[in-house]
There are 4 protein chains.
Amino acid sequence: MLNRVVLVGRLTKDPELKYTPNGVAVANFTLAVNRPFSNQQGEREADFINCVVWRKPAENVANFLSKGSLAGVDGRMQTRSYDNNQGQRVYVTEVMGESVQFLEPKKNGSQQQAPQNNYQHQELPPSYGQDPFAGGQPLDISDDDLPF
Amino acid sequence: MLNRVVLVGRLTKDPELKYTPNGVAVANFTLAVNRPFSNQQGEREADFINCVVWRKPAENVANFLSKGSLAGVDGRMQTRSYDNNQGQRVYVTEVMGESVQFLEPKKNGSQQQAPQNNYQHQELPPSYGQDPFAGGQPLDISDDDLPF
Amino acid sequence: MLNRVVLVGRLTKDPELKYTPNGVAVANFTLAVNRPFSNQQGEREADFINCVVWRKPAENVANFLSKGSLAGVDGRMQTRSYDNNQGQRVYVTEVMGESVQFLEPKKNGSQQQAPQNNYQHQELPPSYGQDPFAGGQPLDISDDDLPF
Amino acid sequence: MLNRVVLVGRLTKDPELKYTPNGVAVANFTLAVNRPFSNQQGEREADFINCVVWRKPAENVANFLSKGSLAGVDGRMQTRSYDNNQGQRVYVTEVMGESVQFLEPKKNGSQQQAPQNNYQHQELPPSYGQDPFAGGQPLDISDDDLPF
DNA sequence: TTTT
DNA sequence: TTTT
């Protein structure tokens, strides 16, 4: 059924990159998306939206985005739940990002080249993404949990 | 900043209609949106997405939708948090529906007329929405909490 | 770059199904999408949006939709131009539908079963889509024109 | 009915600002949106999408965007037609932008301050938008043509 | 637990 | 050239 989300916002922290036991990359990050209206106190608020990105785009996210980066995400809303250590059910809503657009030149990097174009499907410089296990830490879940 | 969600799904229950002390209508409902892929066990899953609608469209939702109704929602993702009665912070992500489309003729109703067209901005039959407090129960929050 | 369109509307005619010389299916149809506001004369207008769908979903469209069917489309806007027979450049904007949702049970059909779920990725009954060339007429363009 | 478009792209030219006889501002511009895939020749193409923005946001567009600016547009697809001077019917599809996000600091400007935040609903510096007729040229259509 |  |  139709389920489409498009967001533009800034990362609240550096993205977290992990790998499933099978070597599938997953990146998690939170986008702060400013609201277009002010609250009663006249302040602008933001929504903090958790995003998950899988596979190659996950590695691009980890390579090109960091705290404060402006990014666009096109994806689907997903919900899941789990029991926390106090034995309570926690409900999670997040955005499964199918594509991520980098809306600013890579910042922190030193001598790095910014990508010529900022789309997720871009050809990345050959130095990226070579060893899928580099730079990320293994994820403690079985691949059976992967829904796709 | 850009924040746009479009969903089509079915209500998991009848919508809940409430009113703020000032008489502003709010409807809450959950949409079950089937995923386009199957999980490891070959089953189709759904995402359960909480939606909030304000004012006149809230009353339309309450009048035209019920458990199982197929509906489209166009809106924005919002996040908020509160402390539950165990003193723990609970994070909530929901969709603020700006417009709701009724994709099926009104069901349960007896002799009721289905709307000629199913858009939220439709002219409703004069019998609807007259007394903003009819059919809903008061909401225990101050209007100061309304962000818009 | 971000380019996302979501529409719900009714087909103005039966969809047209064609095949490239290589046997790739393409369906074309126009969605009438009613506007949420009235014009100066108090009339509701509609937008008439041309949609193109490729491959398997194209065949599903041809099998399940017909004039008047209510459908949802999730896709991208695309533009192209060509010279007409009067030698004038014609600019075309259309929606490349990546997924199509059938929002009504199949109508015209006689004893046909409606699909159990209406998503484009659905398993179709085995009688469908067997011979990719059945029911469509060949398309007079080279596959070199296919951009993906 | 559901009709939602979200785009991020770059202006192909400076926006055109006009005013109806009643002083309602309208801005027109074309966004070049790069495609996420390459064509047969391995080249990246773009879609060129015409956008229209009304009223205050139209003036913001004229003040903050220029050729090459990166911008996000959230709106609806609209179609219309007219007869050209050769007496032929021309069909037009464009995006009615409801909100426009400025994704880069204002460029060409000399000593100008970039907006603190780039959302269309932003508070603009007091020097902007004061005389709604400044800087735009009158539009040769009656307000009766305005559909909303 | 939040970004410019 | 347009749908309910």
Side-chain angles (χ1 to χ4, degrees), chain A residues 7-16 28-35 43-51 65-73 90 92 103-104 107-108, chain B residues 1-3 78-83 88-93 101-105 113-119 122, chain C residues 7-16 28-35 43-51 65-73 90 92 103-104 107-108, chain D residues 1-3 78-83 88-93 101-105 113-119 122:
Chain A
L7 304 170
V8 171
R10 292 188 181 276
L11 293 237
T12 60
K13 292 193 200 163
D14 289 355
E16 269 188 37
N28 284 274
F29 57 93
T30 299
L31 273 191
V33 182
N34 297 316
R35 293 189 182 169
E43 308 151 336
R44 283 303 197 70
E45 291 176 282
D47 295 292
F48 298 95
I49 299 172
N50 297 318
C51 300
L65 297 180
S66 52
K67 181 176 174 171
S69 303
L70 188 67
V73 172
V90 180
V92 178
L103 293 167
E104 284 179 334
K107 23 169 43 146
N108 65 304
Chain B
M1 283 165 142
L2 287 178
N3 180 339
Q78 291 203 163
T79 56
R80 59 187 171 84
S81 62
Y82 64 91
D83 293 306
Q88 292 152 157
R89 196 134 211 88
V90 180
Y91 294 91
V92 178
T93 299
Q101 187 180 13
F102 308 136
L103 293 167
E104 285 178 334
Q113 270 309 108
Q116 307 96 291
N117 85 62
N118 52 24
Y119 195 83
Q122 65 197 298
Chain C
L7 304 171
V8 171
R10 292 188 181 274
L11 294 237
T12 60
K13 293 191 199 164
D14 288 356
E16 270 188 38
N28 284 275
F29 57 92
T30 298
L31 272 191
V33 182
N34 297 317
R35 293 190 181 167
E43 309 152 335
R44 284 302 197 71
E45 291 176 282
D47 295 293
F48 297 96
I49 300 172
N50 297 318
C51 300
L65 298 180
S66 52
K67 182 175 174 171
S69 302
L70 188 67
V73 171
V90 179
V92 178
L103 294 167
E104 285 179 333
K107 27 185 14 169
N108 66 305
Chain D
M1 284 165 141
L2 287 178
N3 180 338
Q78 291 202 162
T79 56
R80 58 187 171 86
S81 62
Y82 64 92
D83 293 306
Q88 291 152 158
R89 195 134 211 90
V90 179
Y91 294 92
V92 178
T93 298
Q101 188 180 11
F102 309 135
L103 293 167
E104 284 179 333
Q113 268 310 106
Q116 308 94 292
N117 85 62
N118 52 23
Y119 196 83
Q122 65 195 298

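Every chain is numbered from 1, with letters handed out A, B, ... down the list of sequences.
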Return the value, rounded to whole Å, for the distance between atom [atom1] of [X] and atom [atom2] of [N].
| X | N | atom1 | atom2 | answer |
| --- | --- | --- | --- | --- |
| A:Glu45 | E:dT2 | CD | P | 13 Å |
| C:Asn28 | F:dT1 | CG | P | 19 Å |
| C:Lys67 | F:dT2 | NZ | C1' | 8 Å |
| B:Gln88 | E:dT1 | CD | P | 13 Å |
| C:Arg44 | F:dT2 | CZ | C1' | 18 Å |
| C:Phe48 | F:dT3 | CZ | P | 7 Å |
| C:Leu70 | F:dT3 | CG | P | 15 Å |
| A:Ile49 | E:dT3 | CD1 | P | 15 Å |

[X] has a side chain; which of [options] sits nearest to it?
| X | options | result |
| --- | --- | --- |
| B:Arg89 | F:dT2, E:dT2, E:dT1 | E:dT1 |
| A:Thr12 | F:dT4, E:dT2, F:dT2 | E:dT2 |
| A:Arg10 | E:dT1, E:dT3, E:dT2 | E:dT3 |
| D:Tyr91 | F:dT2, F:dT3, E:dT2 | F:dT2 |
| A:Asn34 | E:dT2, E:dT4, F:dT2 | E:dT4 |

Side chains of [X] and [Y] in contact at under 4.5 Å (non-hydrogen atoms):
| X | Y | value |
| --- | --- | --- |
| C:Thr12 | C:Leu31 | no |
| C:Val8 | C:Leu70 | yes |
| C:Asn28 | C:Asn50 | no |

Flag, side chain of D:Thr79 to backbone of C:Phe48, donor-acceptor distance under 3.5 Å: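 Checked: pair present.
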
A:Glu45 and B:Arg80 ion-paired at < 4.0 Å: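 Result for this pair is no, no salt bridge flagged.
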
Sugar-phosphate only, base, or nothing, as touched by A:Gly9 at under 4.0 Å among non-hydrogen atoms: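 No contact.
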
